Amino acid sequence: MLSNKRIQELELVMEFEEVEECFKEVSSWIENVGRKRLKETINLDDSLEMLLQAQKQFKEFDLIASEYCKRGQEALKKMNQWEDFSFVDVHSYRLKLQTYEDQLEEFCTQLDETRHRVCETVRLYEFFDKVRQSIWYTEEGVKS
């Protein structure tokens, strides 16, 4: 039994190292690229044309960011099997995983919120643009 326990511990450590490599890559991308790009979308431009351009750029970023989120979440799923190994000491690994999970969850939430904010801002600007055009046409009709 002791031998089996040690073998399982070694297998988990090896698996954790693979998952940790994935998380290090995802974490590095989040810190060096993802967060910076999200900060860039905080101040959206005042014209509809510029806003549409910003939305297009965000959509391109969003595709890449969503892929990193997906990769991180898939790696976390692999580690869910650790719940079955209560007799193996995995506490230190769980702490590392929790840190990665918190970072990933925070970034994915910020990504979702930014996606929603950009979409809603574009919709608002499109609405106001239509209202502005209607007012202009109405004024032109009154002048005629």
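Nothing here was measured: the structure is a model prediction, and the numbers come from that model.
By the side-chain hydrogen bond (donor to acceptor under 3.5 Å, both in side chains) test, R35 pairs with E31, Q110, sequence neighbours left out. Taking T41 as the reference, nothing meets the side-chain hydrogen bond (donor to acceptor under 3.5 Å, both in side chains) condition, with sequence neighbours excluded.
For CD of E105, the number of neighbouring non-hydrogen atoms (other residues, nucleotides, ligands) closer than 6.0 Å is 12 at most. Surrounding CG of N43 are at most 12 heavy atoms belonging to other residues, nucleotides or ligands under 6.0 Å away. Counting non-hydrogen atoms of other residues, nucleotides and ligands closer than 6.0 Å to CD of E49 gives a total of 12 or fewer.
Hydrophobic cluster membership is shared by I64 and I30, with clusters built from Ile, Leu, Val, Met, Phe, Trp and Tyr side chains linked at under 4.5 angstrom. Both L104 and V33 are members of a single hydrophobic cluster when ILVMFWY side chains are connected at heavy-atom separations under 4.5 Å. Linking Ile, Leu, Val, Met, Phe, Trp and Tyr residues whenever their side-chain heavy atoms come within less than 4.5 Å leaves V122 and L124 in two separate clusters.
The shortest distance between side-chain heavy atoms of K59 and L63 does not fall below 4.5 Å. Inter-residue side-chain proximity for I7 and E11 is flagged as met; some heavy-atom pair is nearer than 4.5 Å. By the 4.5 Å heavy-atom criterion applied to side chains, F127 and K130 are not counted as neighbours.
The main-chain N or O of S28 is found under 3.5 Å from a side-chain atom of N32 such that the two form a donor-acceptor pair.
The aromatic rings of F61 and W29 sit parallel, their planes meeting at an angle under 30°, below the 60° perpendicular limit.
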